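Taking it in order: structure first as structure tokens, then the write-up.
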Amino acid sequence: MAINITLPDGSALQLESGSTGATAARAIGRRLAEAAVAIRVNGELRDLAVVLADGDAVEVITADADMGRAVLRHSAAHVMAQAVLDLFPGAQYAIGPAIEDGFYYDFHIGRAFTPEDLEAIESRMAEIVAADQPFEREVVSTQRALEIFADQAFKREIIEAVEESEGAAGVEVSLYRNRGFVDLCRGPHLPSTGRLAAFKLLRTAGAYWRGDEHRPQLQRIYGTAWESREALDAYLHRLEEARRRDHRRLGADLDLFSFPPELGSGLAIWHPKGATVRGLMEDYSRRVHQTHGYQLVVSPHVARADLWQQSGHLGFYAETMYPLMELDDGDRYVLKPMNCPFHILIFASRGRSYRELPMRLFELGTVYRYERSGVLHGLLRARGFTQDDSHIFCMESQIGEELQGLLDFSLMVLRDFGFEAFEADLSTRPEKFVGRPELWDRATVALGEALDRAGLAYTVAEGEGAFYGPKIDLHVRDAIGRRWQVTTLQVDFAQPDNFSLEYATADNTRERPVMIHRALFGSVERFLGVLLEHYAGALPGWLAPVQATIVPVADRHHGYAGEVAGALEAAGLRPEVDLADDTVGEKIRRALTHKHPAVLVVGDRDVAAGTVGLRLRGGEEARGVALADALERLGRECRPPR
RNA sequence: GCCGGAGUAGCUCAGGGGUAGAGCAGCUCACUCGUAAUGAGCAGGUCGGGGGUUCAAAUCCCCCCUCCGGCUCCA
């Protein structure tokens with residue numbers, strides 16, 4: 001008896017009846033069989049040991065494919081759990097999935113793991129890998145599974161959840177066994193532990209069971225696994241590269257900002273160079289908003305508690321707000337965590353006509369949020385930060401067009417700062433919500449259409465929206481492929497109600513406007529942090545705090561260096577003259593390590609000829625460049641995007 | 001907030017019961033130099049803060065603060 005299977009290229013392959021995925025891989029090629037870790041049968045990822053049926057569409061998955069790596073990492077998680085159970089008898093094990101770039105497993109051993117524990121676990125894992133134990137799949141009833149995991153409370157909870165979701169007891173679950181170790185698991189897995197070529201345990205962390213902070217905290221071990229030693233090394237190198245780009249380190253090295261403990265957690269002070277950069281970002285932001293239909297507004301940092309009561313913040317957001325300030329006369333004030341109530345008050349300050357809509361108010365508004373101490377992370381998560389915040393008041397009928405325009409505007413801004421790859425999340429109506437469902441649906445559809453028309457890939461986060469409206473989050477990919485959330489476009493059906501906002505229609509009736517919140521950078525601080533990591537500190541010319549260092553070869557060239565600096569300044573550039581008592585090489589090195597875009601060396605020949613030695617970022621170097629040419633060239637390098 | 005790790009000179013780090021060390025940065029002097037580190041000298045720290053143990057604490061113990069890695073939360 002023979003069966004026929006189809007391969008991804010459409011070709012057919014005849015195999016003996018009873019053939020497995022592994023057989024199929026071998027039939028296609030020896031090297032493929034060696035690299036194979038799993039197989040996709042009719043779209044479903046399965047073990048290589050799966051028995052194929054006549055007519056199956058089959059795709060062999062290798063270890064260097066994303067799906068293959070996930071299998072590899074999942075198996076690595078099993079091996080790690082096996083090692084932990086070997087070394088810590090009585091350990092409880094919870095869940096251990098593959099994640100981006102690695103895997104983790106959560107355990108309860110009655111204490112935390114130490115670095116020595118990790119080494120021991122890693123050694124034990126190496127032994128298990130060397131033993132090349134086969135992974136064997138087994139399907140059992142949930143009753144049987146509950147017996148097998150009688151002393152594993154977390155596993156029992158998972159099994160019970162399976163029964164519940166299936167609506168009946170007695171359904172089946174799959175297990176994977178390899179020599180003495182058994183885990184509840186959907187699979188698939190590697191054929192055997194010996195296929196784990198390269199792995200490393202990275203760190204431990206506390207993690208709540210089921211991600212719920214009211215439930216027990218488990219000990220999580222993170223690890224990474226790759227298809228080869230080379231791939232693992234490349235990954236570890238990538239981690240090192242990420243560390244090198246850490247904006248907190250760059251902020252100190254480049255003298256941009258600092259977080260002195262005296263100030264308080266999560267609060268930055270901006271040194272002259274850092275203030276220059278953020279000033280440039282803010283100038284750009286104000287400029288493009290003014291030329292794209294926005295009106296600039298300004299609001300104070302504190303406001304009466306009553307305002308925050310009316311906006312609902314004291315009800316829903318109080319935890320994240322700095323505590324109330326009580327004044328002598330009993331009046332209570334709050335430091336602002338958001339700008340929206342102020343913009344609403346501006347809208348409400350007089351009667352509004354449909355002719356004024358959409359009304360787009362923009363502010364670089366500094367807000368303060370009392371974030372939980374454990375979440376703070378440099379500029380990326382601070383307690384005081386400045387939002388490039390806008391609130392748009394429009395008619396229901398304008399939502400679609402407005403969102404489209406907003407998205408285009410957002411992408412223009414992000415591209416201006418050098419980002420090229422974008423991804424979006426569309427968060428839809430949650431179970432608890434305010435507003436009319438059909439309005440929600442229309443807005444959600446409008447958000448989706450805007451994304452489609454902009455050609456943006458997006459994932460729908462079903463039910464993840466805030467109770468007051470759907471939203472789009474935009475993410476950028478940085479130079480080393482990391483994903484950062486920046487822009488948020490949030491539709492709001494609640495605030496106009498809270499403040500009874502209205503406008504006069506063409507028929508002279510009153511209608512309630514819809515509000516859209518949006519921040520493009522997210523926050524100026526956060527966005528600058530992302531930029532620093534993206535550019536590894538080497539900001540584009542127009543954002544560099546110092547655009548050119550002028551290096552006099554000897555003391556007698558100081559005068560001419562000053563003249564050159566004057567010429568640059570007159571051309572609107574930001575030069576710095578290095579008058580230090582150091583060699584030329586040392587001054588060059590200093591300028592380069594400070595990531596300045598250009599170095600201008602001036603010596604005897606330049607003084608005589610009115611030239612400079614021009615060295616640009618990226619290694620381009622020329623001697624005897626006429627000052628006018630150098631100015632022209634620098635002007636080009638440092639021109640703002642608009 | 002929770003779990004773990006760490007705080008020694010401006011930065012990176014060594015020292016681990018017997019009155020504090022290096023490199024870089026800083027300052028001074030010499031050198032006046034053509035594209036990634038010139039040399040010498042000087043100065044710099046109640047070892048994060050408080051309490052305790054001890055004849056003696058940077059070192060051991062307790063509490064607090066800050067930072068780092070996660071969890072949860074989020075711009």
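Order of the sequence lines fixes the chain letters, A, B, ..., with proteins taken first and strands second; residue numbering starts at 1 for each chain. Given the structure is predicted, the values throughout are model-derived calculations rather than measurements.
On a pure distance criterion of 3.5 Å, a polar donor-acceptor pair joins the side chain of A/R381 and the base of B/C73. Applying the 3.5 Å distance criterion, the base of B/G1 shares no donor-acceptor pair with the side chain of A/Y370. At a cut-off of 3.5 angstrom, counting only N and O atoms as typed in the model, there is a donor on one side and an acceptor on the other between the side-chain of A/Q217 and the base of B/C2. One can find a donor-acceptor pair under 3.5 Å joining the base of B/G34 and the side-chain atoms of A/D606.
Here B/C74 is the nucleotide among B/C74, B/U72, B/C71 with the atom lying nearest to any side-chain atom of A/E371. Side-chain proximity of A/Q485 to the nucleotides B/A75, B/A36, B/C71 is greatest for B/A75. Candidate nucleotides B/U66, B/A36, B/U32 were compared by shortest atom distance to the side chain of A/D581, and B/U32 ranks first. Picking from B/C71, B/U32, B/C3 the nucleotide with the shortest atom distance to the side chain of A/R220 gives B/C71.
For B/U66, the paired nucleotide is B/A6, the pair qualifying as Watson-Crick or G-U wobble because both relevant distances are below 3.5 Å. In this structure, B/G1 and B/C71 make a Watson-Crick or G-U wobble pair, each of the two defining distances being under 3.5 angstrom.
Contact annotation for A/F113: no contact, since no heavy-atom pair falls under 4.0 Å across all strands.
Residues of residues 618-634 of chain A having a heavy atom closer than 4.0 Å to RNA chain B, listed by number: A/E621, A/R623. A heavy atom lying under 4.0 Å from RNA chain B marks none of the residues of residues 460-483 of chain A.
Look at A/H377 and you'll find a side-chain N or O under 4.0 angstrom from OP1 or OP2 of B/G69.
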Using the 3.5 Å cut-off, write out each protein N or O paired with an N or O of nucleotides 10-14 of chain B and the distance between them.
none

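Once the 5.5 Å centre distance and the 30° plane angle are applied, the aromatic ring of A/F521 is found not to be stacked with the base of B/A75.
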